[in-house]
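Structure, as structure tokens:
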2 protein chains.
Amino acid sequence: MKARIKITLKNGVLDPQGKAIANALGALGFDGVGDVRQGKYIEVELHDTDRASAEQKLERMCEQLLANTVIENYSYELEGI
Amino acid sequence: MKARIKITLKNGVLDPQGKAIANALGALGFDGVGDVRQGKYIEVELHDTDRASAEQKLERMCEQLLANTVIENYSYELEGI
């Protein structure tokens with residue numbers, strides 16, 4: 001099954017990359033653009049067949065490696081079961 | 001309204017970052033992990049009130065700045081209307 005993980009900066013954490021995107025959009029002439037935040041998106045192919053154990057595994061992956069939980073939040077969707 | 005944009009590498013484009021994540025997951029003892037692909041996730045706050053014009057604007061943003069359409073695909077969701 002496939003997991004789609006989104007990792008985003010927590011509210012209040014400065015996001016210079018997002019600011020740079022917002023500035024660049026402004027320079028390109030896009031108006032009406034407010035806050036921009038950049039995060040990461042990771043697709044993981046899992047060979048598990050049990051949804052519960054896959055979710056547990058994903059939580060551990062995010063906590064241990066994928067997200068820095070001091071400054072980042074994560075969420076995920078599982079599909080294929 | 002808020003747009004959530006996902007930018008992913010096209011199939012067939014090598015993804016060394018994804019490979020590094022897969023290897024790191026293996027080294028941490030996670031088994032049953034297949035292919036891993038890393039992409040970008042961008043949240044953009046738009047001040048538009050019309051969904052159609054917001055979608056059009058988002059398409060242009062992705063084509064012109066956010067995604068490299070030679071090697072990347074993009075998709076987005078709009079919420080808040």
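Sequence lines set the chain letters: A, B, ... in the order given, protein chains first and strands last, and positions in each chain run from 1.
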Is any side-chain heavy atom of [X] closer than 4.5 Å to a side-chain heavy atom of [Y]?
| X | Y | answer |
| --- | --- | --- |
| A:Gln64 | B:Leu28 | yes |
| A:Tyr41 | B:Gln38 | no |
| A:Glu45 | B:Val36 | no |

Largest heavy-atom contact set with chain A, pairs under 4.5 Å, which of B:Ile7, B:Leu65, B:Val44: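 If we count pairs closer than 4.5 Å to chain A, B:Leu65 comes out on top.
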Greatest number of non-hydrogen atom pairs under 4.5 angstrom with chain A, of B:Lys2, B:Lys6, B:Arg60, B:Arg4, falls to B:Lys6
Considering only heavy atoms, which portion of A:Lys40 lies under 4.5 Å from any heavy atom of chain B: side chain, backbone, both, or neither?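 Both backbone and side chain.
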Part of A:Ile5 lying under 4.5 Å from any heavy atom of chain B: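 Interface part for A:Ile5: neither.
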Heavy atom to heavy atom, less than 4.5 Å: which residues from residues 10-27 of chain A reach chain B?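 Checking residues 10-27 of chain A against chain B gives A:Ile21, A:Ala24, A:Leu25.
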How far apart are the closest heavy atoms of A:Val33 and B:Met61, and which atoms are they? CG2-CE, 3.5 Å
Rounded at 0.5 Å granularity, tell me how far CG in A:Asp48 sits from CG in B:Asp31. 7.5 Å
